[in-house]
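Since the structure comes first, as structure tokens, the remarks are kept for the end.
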Amino acid sequence: MDNLQGYQIKLDAFQGPLDLLLFLIRKKKINIHDIPIATITREYLKHLNQEEKINLEREAEFLLMAALLIHIKSQMLLPRENIPEEEDPRQVLVDRLLDYQKIKAACSILRGKEEEQMQKWQRTSLPPLSLEDDIELTEVSLFDLAEAFLTLMKKKEKENIQFIKGKEFSLEAKMKEMLAYLEENSFLDFLDYFNQQESLEEAFVSFFCLLELIKVKIVIAMQESLFHTIKVWLRKESS
Amino acid sequence: MKIHPKHIIESLIFISLEPLSLDKIKSVLTEFSDKEIEGAMKDLLENYTSNEKGIQIIQAAGGYLFSTNPEHDLWIKRLLKFERKYRLSSAGLEILSTIAYHQPITLAEISALRGVDSIHSLKTLLQKKLVKIVGRKKSPGKPLIYRTTDKFLAYFELDSIKDLPSQEEILKILEEEKNLD
Amino acid sequence: MKIHPKHIIESLIFISLEPLSLDKIKSVLTEFSDKEIEGAMKDLLENYTSNEKGIQIIQAAGGYLFSTNPEHDLWIKRLLKFERKYRLSSAGLEILSTIAYHQPITLAEISALRGVDSIHSLKTLLQKKLVKIVGRKKSPGKPLIYRTTDKFLAYFELDSIKDLPSQEEILKILEEEKNLD
């Protein structure tokens, strides 16, 4: 007996009726070009009945196939002279099964390739490029920075308008905090960092700190590529 | 074949999104002793400095990262410029889709639909020749009106603007996601 | 010191996040002849295959791209704190291979071939940019037609659509499956 019979096969395990049919054909060692339609119909219906609950949408697809099988079976039972020669009522189904079988086989090859590819890693973003200062688009200007900030603030303003915290922030303390952050994290994501600020006021203070740090060349602001977030790094010589 | 820690370190520096510190490398390569790792690191750096290469490992922000040879900046800039032509920002895409589906349309109408002033990205789209000015609207202020171009169609491999997927078609695809596995 | 095109090419592939085609390399390296570039490319690939390295150049989607050595998967996952990358769902993979072999193809045609309504999972494939809409079929109802993308090729490390598993490979798999029972 074949070893597949021990398993309780769920329809969910099949992509659709063609998948189930192929499974049965293999299980019963049936020649796909000469399908005993009565046997396969019986097996197919048996499987449908075993299912306690199938997804309604998919049930329709499985039932449609059952109807097709029964239809083919009834055609096979018709007296021979009523069917033109060479025309096997099973042919439509066989063609579909062959096509689908090829797709399934290709899937298993592609799955193997996918498995191999999963072990190869490619970068999703680039580290800062070693380009010198004259590059306009990867290094962000103060204007870009201010513009990005203002856009963000517009958004934040909407969120924070109801409550403004009374806490005061000193420029010096904030600057120390940012440098400590940079020491620890090696870089600072512009948008993330400002989003973490509790109030509009605190965000403003952070922003002026950053401008100051850029001006005195302690940090460098880079954009990995156009439209990516802006990252702030400690300058090499200062770290 | 034995896997050499030198090569693993090379992989790690390559894939890391930030400069990779020696401590971090040690914490990942638990199969190797600190001494082995330090030796491998030294070896790797020597490989990269002794042989002439297009890429180098540099030390920055307390860690190691790959960088290109500064002598190649000219070509890298050329490539980036080339690539940039084919990239759209998310704002650019949003405006482009607004124009595509609502053309002919004015700037004020685009901004109203998006809830954001759209002049900046519109300029980029005009420069990229994905949209064009086709005249003025016969309404107060006579604002300019915009349409997508043939280049837009080519960019998205469309024969005509009628071939754009309809809102209904896209909605259907978006809604139908289900986990069948 | 003379700058060797081999090293420039290495830099260019390195900064590219998508497979970089030889044509694009040629269009950037205008100072060198096509023959020089082709020779340098060959040379570079040989360097990377002959020497054991942490990183390698793979050929996919008609271009070249750096990737890590598959043997280092374990450590990279540790570094990035990834359990594993997401695989495609079975339905997704089936739709993808249906499109790959029968493109350009409509949704109705995909569903007919699979015997199942296939709009599910199409969203994921479109969002992952593994397939794209390329217009409409000139038939009643003008349904949208789909094709696989370059990203699809890169995903499976196929250089072109011709590198899809061939009839022979597929027949071999089917034979093997038969013998399994």
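In what follows, chains are A, B, ... by sequence order, proteins preceding strands, each numbered from 1.
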Hey, does C/Ile95 have a side-chain heavy atom less than 4.5 Å from the side chain of C/Val131?
no
Which label fits C/Phe14 and C/Phe66: parallel for a plane angle under 30°, tilted from 30 to 60°, or perpendicular past 60°?
perpendicular
Using heavy-atom distances under 4.5 Å, tell me whether C/Ile9 contacts chain B through its side chain, its backbone, both, or neither.
neither
Side chain C/Ser111, main chain C/Leu107, donor-acceptor under 3.5 Å:
yes
By number, which residues in residues 152-159 of chain C have some heavy atom less than 4.5 Å away from chain B?
none
Heavy atoms, side chains only, cut-off 4.5 Å: are B/Leu122 and B/Ile99 in contact?
yes
Side chain of B/Thr68, backbone of B/Ile55: donor and acceptor closer than 3.5 Å?
no
Between C/Lys53 and C/Asn69, is any pair of side-chain heavy atoms under 4.5 Å apart?
no
Is C/Ile13 close to C/Met41 at the side-chain level, that is, under 4.5 Å between some pair of heavy atoms?
yes
Is any side-chain heavy atom of B/Pro70 closer than 4.5 Å to one of B/Gln56?
yes
With a 4.5 angstrom heavy-atom cut-off, which part of C/His7 approaches chain B: side chain, backbone, both or neither?
both
Interface residue of largest heavy-atom contact number with chain C, from B/Ser11, B/Ser160, B/Ser27, under 4.5 Å:
B/Ser11
Close side-chain approach of B/Leu45 to B/Tyr64, heavy-atom, < 4.5 Å
yes
Those residues of residues 135-146 of chain C that come under 4.5 Å of chain B on a heavy-atom basis, listed by number, are C/Gly135, C/Arg136, C/Lys138, C/Leu144, C/Tyr146
Applied to residues 98-119 of chain B, the ring pair (Phe, Tyr, Trp, His ring centres under 6.0 Å) test, sequence neighbours excluded, yields none
By the side-chain hydrogen bond (donor to acceptor under 3.5 Å, both in side chains) test, which pairs, at least two apart or in different chains, include something from residues 40-49 of chain C?
C/Lys6-C/Asn47, C/Glu10-C/Tyr48
C/Pro19 side chain near C/Asp150 side chain, heavy-atom distance below 4.5 Å:
no
In terms of heavy-atom proximity below 4.5 Å to chain C, should B/Thr30 be classed as side chain, backbone, both, or neither?
both
Would you mind checking which part of B/Ile25 comes under 4.5 Å of any heavy atom in chain C, side chain (CB onward), backbone (N, CA, C, O), both or neither?
neither
So for C/Leu12, is it side chain, backbone, both, or neither that comes closer than 4.5 Å to the heavy atoms of chain B?
both
